[in-house]
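One structure below.
Here, residue 1 is the first one in the sequence, and each next residue gets the next number.
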Amino acid sequence: MMKKKIFIFLNKTSLAHTQTLNYKFLKLLTKNNHVTIISSYNLNKSQLLKQLDLKIIKIKDCKPKNFIKRSIYSFLKSVKLHTTINFNKNITLKDFKLILLKLQWKRNKLKSIVYIPLWLLVHNLLKISIFAKIYRKFEIIYFSNKDLEILLLKNKPDLVVTTSPGWWEDDNFFLYSSNKLKIKSVCIVLSWDQPTGMGFMPALCSKYLVWSKKVKEDLIKFHGILKKNIHVVGALHWDHYFFKQRIKRKKHKQVLICLKSPTRTRHLKILDMLKQIINQNYHFKIHFLVRPHPIYFSKRYYSLLEDFKKMSSEENNIISVQNLWGRYNFKTKDFIEKSVNLNFLIDREITFRNISKKNILSSNLIINFFSTYSVEASILKVPIINYIHDEKMKSLSDLNDKKNLYMDYRQNHVQRIIQNIETAKSLNQLVKMINIYLLNSKRNNIKMQKFFKNETNLKGESIKNIYKYLTNF
């Protein structure tokens, strides 16, 4: 069998790099294929990638440089992010749209007289399949990038792989060029909330690889993707969770708290919430293990980690802060604006995942805020509850931004969580739930098992599944 030329295009998110540049996956894929990684970051310093037989190409920024074209692009991007078919059933985007247009009106009432009606016109037209088809052709012609087109013409790949159907920059520009040249494309959808939370697909792919049957249903319902073009393969970065591992639990009951991003909940609010949790009187002495959101390990937020490390409990509970990448003393040069340096993340991804698995398994209970830890806990059969510490809003019109857990509570993918995993809506409820689950860890086993079956591919083996699919496609 002839070796295929496969181009893996990575958008500007760290998620695309850390999940896709998986050593086991790339080792398998490069055995029978010529693999090229394309990124706007300099990945040549990655020690992991140096071990593999692949090519790395660094590209320039793909956004339109012309001011008028850039302004049109920015406007259309705003509309697309808040539009899908069956829009009235997409509560996530309906809420996002309401907040966006409210803020637009507040910022500039005069401009909004023209802006909002035009925005709504395009928004409503994109829900119509014939117009959506014409619109995608317009984007290919108007926004395609000549440099990317030249790159593809020069290398002639048999297959291109992206991690979104144009939801993220620069996936869209790359797909405009590959679609124009009629090159087959496969999209590996990286998360369970993207089909409902990322809006209109600027470019269509030949095939889509997804985590679970629920994500598949969302692609069909909100994007009109044909069933035959979507394949359930599992989450590329979670295979290690399916390998059995015994962890000896500590003497004290351990409760893992997975914090939200300080971009979504203000840091001082997170700090206040933690103080309240650790200073309650529980049936047991508890070791609270705090897992900071990864964005705390960035230029902007790293200094704030000290606030967590200084905390102590008035009730003789223990608190410690998890270092997501093990024993490593970070320096300023290790960070970029929103994360740790990408080469560091790629090289230490296995360490990151193993630490995460160890901390879940060593915990008697997890306190979560509707993140993917709900799925991870269900794979490892560890009890988990969600907690809303925000004040309940009377209506969405009271909000000036998206920073409210009751807004998260309404989202489409979160509905699947709350149907199967208990949610505490007050501190008193949370304390009761912690005590109950520490006494009876099997309290919610049946629903957790149902959740696991719906949100994963059951066996793991996603690396093998994706490798086989890309090789045989």
Checklist entry - Do the rings of Phe174 and Phe7 sit parallel, tilted or perpendicular, given the 30° and 60° boundaries? => result parallel

Checklist entry - What is the distance from atom CG of Leu209 to atom OG of Ser462, rounded to the nearest 0.5 Å? => result 10.5 Å

Checklist entry - Does Thr92 reach the side chain of Asp193, with side-chain heavy atoms less than 4.5 Å apart? => result no

Checklist entry - Can you find a heavy atom in the side chain of Phe451 that is under 4.5 Å from one in the side chain of Gln449? => result no

Next on the checklist: Taking Arg416 first and then Asp218, would you say they form a salt bridge - that is, a charged N and a carboxylate O separated by under 4.0 Å?
Outcome noted: yes

Item to check | Under-4.0 Å salt bridge between Asp158 and Lys184 | outcome: no

Item to check | Note, Arg291 side chain near Val321 side chain (heavy atom, < 4.5 Å) | outcome: no

Next on the checklist: Using ring pair (Phe, Tyr, Trp, His ring centres under 6.0 Å), reason through His231 and Tyr469 one step at a time and then give a plain yes or no.
Outcome noted: CA-CA 9 Å; His231 303 272; Tyr469 189 84; 4.8 Å; yes

Checklist entry - Atom CG of Leu52 and atom CG of Leu29: how far apart are they, to the nearest 0.5 Å? => result 10.0 Å

Checklist entry - Taking 4.0 angstrom as the limit, do Arg353 and Glu349 come out as a salt bridge? => result yes

Checklist entry - Do Tyr409 and Lys392 come close enough that some side-chain heavy atom pair is under 4.5 Å? => result no

Next on the checklist: I need the full list of side chain to side chain donor-acceptor pair (under 3.5 Å) pairs touching residues 302-314, with sequence neighbours left out, sorted by first then second residue.
Outcome noted: His267-Asp307

Checklist entry - Is the shortest distance from a Lys or Arg side-chain nitrogen in Arg264 or Asp408 to a carboxylate oxygen in the other one below 4.0 Å? => result yes

Checklist entry - Taking NZ, NE, NH1 and NH2 as the nitrogens, is one of them in Asp239 or Lys24 under 4.0 Å from a carboxylate oxygen of the other? => result no

Item to check | Side chains of Asn32 and Thr471, donor plus acceptor under 3.5 Å | outcome: no

Next on the checklist: Looking at Phe284, I'd like to know if the NZ or CZ of Lys253 sits under 6.0 Å from its six-membered ring centre while staying within 45 degrees of the ring's axis.
Outcome noted: yes

Mind listing the side-chain donor-acceptor pairs of residues 374-385 below 3.5 Å, one per line with the distance, residues two or more places apart or on another chain?
{"residue": "Ser374", "atom": "OG", "partner": "Asn368", "partner atom": "ND2", "Å": "3.0"}
{"residue": "Ser374", "atom": "OG", "partner": "Ser371", "partner atom": "O", "Å": "3.2"}
{"residue": "Glu376", "atom": "OE1", "partner": "Tyr241", "partner atom": "OH", "Å": "2.5"}
{"residue": "Glu376", "atom": "OE2", "partner": "Thr372", "partner atom": "OG1", "Å": "3.2"}
{"residue": "Ser378", "atom": "OG", "partner": "Val375", "partner atom": "O", "Å": "2.7"}

Checklist entry - Would you say the side chain of Pro294 lies within less than 4.5 Å of the side chain of Leu324, judging by non-hydrogen atoms? => result yes

Checklist entry - Is there side-chain contact between His287 and Asn317, with heavy atoms separated by less than 4.5 Å? => result no

Checklist entry - Thr351 and Trp325: which non-hydrogen atoms are nearest, and at how many Å? => result CG2-O, 3.8 Å

Item to check | Charged N-O contact under 4.0 Å between Lys447 and Glu422 | outcome: no

Item to check | Salt-bridge contact Glu455-Lys214 (side-chain N to carboxylate O under 4.0 Å) | outcome: no

Checklist entry - Is there side-chain contact between Tyr301 and His293, with heavy atoms separated by less than 4.5 Å? => result no

